[in-house]
Amino acid sequence: MKQLSAFIIALFIIFPSWADEPFIDVSGYGKIEVMPDYLQLYISLSDTKKTLAEARDSVESVFQQVLKVRSDLNISKDDIDAAHISNQPMYEWQRDSSTRKYTGEQVTRRVTITLRNLDDYGRLVHRLMEDGRIQIQNTNLRFNDLPSLQRQAAKLALLDARDKANFMATTLDNSLGAVQFIQEQGGYSPQPVMMMAQMRNAKMEDSSVGSEMLIQKQDIEQSVQVRFAITEK
């Protein structure tokens, strides 16, 4: 018990209480707009046939189409990841007999395409969606040095908090003191601007559709909460 009391006293010595000191709590916000450096497109190639061999051959043929698109758009072979492939038997529920009926085999191959020339985004998606066996799962925008961009936004957030606190303090004839507390509130993960609904409703033979899918500048945002001591002038 004595050791615990001594430890608590030591904490008060090392971390003095600010309970009796006037302070001001403010939030700060920072944002920068920047174009992503590249994106990763996640797609799945899937088909169901009566036999596993037929399903596998169908998925292989559509994968060759994907490789043709890659070549046409000058995407590096190293920017295609297609290591994951799976299969599963498919069944159909028979209501009359309350049994499952085997209908065939489904083969799925998951592919990740890294696109470094963002101007080709619309054309890439347009070409891929021409085949119904290709499903676009997700698109993630990427930055070569995201931590550096987040620090830039965080700096703006901290400066915003300081300016806000200084304005409040001086307006009330006080001076801003030392920082007592800083807490990062988090940021925003950028996502692409996609127009998948229009793409699904458009005629795929219309080559102008792909040009509508544009990647725009993304907001990198950071928020902070800062506590400043204040003193009378």
Side-chain angles (χ1 to χ4, degrees), residues 29-47 58-86 106-157 184-223:
Y29 171 76
K31 179 182 78 172
I32 62 173
E33 295 182 348
V34 61
M35 282 294 295
D37 296 300
Y38 63 99
L39 66 80
Q40 288 183 314
L41 187 68
Y42 300 90
I43 64 176
S44 66
L45 321 178
S46 182
D47 202 2
S58 177
V59 170
E60 177 59 27
S61 70
V62 73
F63 180 60
Q64 293 304 314
Q65 293 181 32
V66 172
L67 294 182
K68 177 65 166 55
V69 174
R70 176 206 67 78
S71 177
D72 292 345
L73 296 180
N74 295 316
I75 299 173
S76 171
K77 293 180 180 179
D78 295 335
D79 287 332
I80 300 291
D81 183 1
H84 186 272
I85 187 169
S86 62
Q106 182 183 72
V107 172
T108 301
R109 187 166 194 173
R110 304 195 184 280
V111 180
T112 302
I113 302 174
T114 299
L115 183 66
R116 303 189 186 278
N117 183 4
L118 298 182
D119 291 337
D120 287 336
Y121 178 55
R123 284 195 294 166
L124 173 61
V125 173
H126 176 76
R127 291 280 301 274
L128 294 175
M129 293 186 71
E130 290 178 336
D131 195 307
R133 294 170 294 178
I134 300 176
Q135 297 293 321
I136 296 178
Q137 304 294 324
N138 195 17
T139 305
N140 286 336
L141 296 178
R142 304 292 186 185
F143 300 88
N144 291 332
D145 191 359
L146 181 58
S148 176
L149 299 174
Q150 291 172 327
R151 286 193 293 270
Q152 293 178 43
K155 181 177 181 179
L156 294 177
E184 185 180 24
Q185 300 294 309
Y188 170 70
S189 298
Q191 293 294 328
V193 177
M194 300 183 65
M195 300 182 182
M196 301 305 297
Q198 289 112 323
M199 285 292 292
R200 292 192 183 98
N201 297 329
K203 294 181 178 180
M204 297 314 299
E205 61 268 18
D206 183 2
S207 60
S208 66
V209 174
S211 63
E212 297 178 2
M213 303 184 64
L214 303 177
I215 300 298
Q216 301 177 358
K217 285 186 176 181
Q218 300 297 299
D219 294 340
I220 306 296
E221 303 173 331
Q222 290 290 319
S223 299

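Residue M129 holds its CE atom at 11.5 Å from CG of L124, rounded to the nearest 0.5 Å. Of the inter-residue distances, the one linking N74 atom CG with R116 atom CZ reads 14.0 Å to the nearest 0.5 angstrom.
Considering only heavy atoms from C-beta on, I113 stays 4.5 Å or farther from R70 through its side chain. Contact check for V59 versus S61: no side-chain heavy atoms found under the 4.5 Å cut-off. T139 places none of its side-chain heavy atoms less than 4.5 Å from the side chain of V125. Taking the side chain as every heavy atom from C-beta outward, V69 and Q65 never approach each other to under 4.5 Å. At a threshold of 4.5 Å between non-hydrogen side-chain atoms, the residues L41 and L115 do not count as touching. For the pair Q150 and I220, the minimum side-chain heavy-atom distance is below 4.5 Å. Using a 4.5 Å cut-off on side-chain heavy atoms (C-beta onward), Q152 and V34 make no contact. Side-chain contact between V107 and S58 is absent, with no heavy-atom pair separated by less than 4.5 Å.
Using a cutoff of 4.0 Å between basic side-chain nitrogens and carboxylate oxygens, R127 and D72 are scored as salt-bridged.
Under a cutoff of 6.0 Å and an axis angle of 45°, R142 and Y38 do not form a cation-pi pair.
Of all heavy-atom pairs spanning I75 and T114, the tightest one is CG2-O, 3.8 Å. Nearest heavy-atom pair, I215 versus M35, reported as atom, atom and distance to 0.1 Å: O-CE, 3.7 Å. Looking at every heavy atom in both residues, A157 comes nearest to Q222 through CB-O, 3.6 Å. Contact detail for Y121 and L39: the closest heavy-atom pair is CD1-CD2, 3.5 Å. Heavy-atom minimum distance, F143 versus P36: CE2-CA, 3.3 Å. The minimum heavy-atom distance linking L128 with I134 is given by the pair O-CD1, 3.4 Å.
Remark: side-chain polar atoms of Q218 are paired, donor with acceptor, to backbone N or O of Q216 under 3.5 angstrom. D219 places no side-chain N or O within 3.5 Å of a backbone atom of E221 that could act as its donor or acceptor partner.
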Legend entry - Evaluation steps, side chain to side chain donor-acceptor pair (under 3.5 Å), between Y42 and Q40: CA-CA 6 Å; Y42 300 90; Q40 288 183 314; 3.2 Å; yes
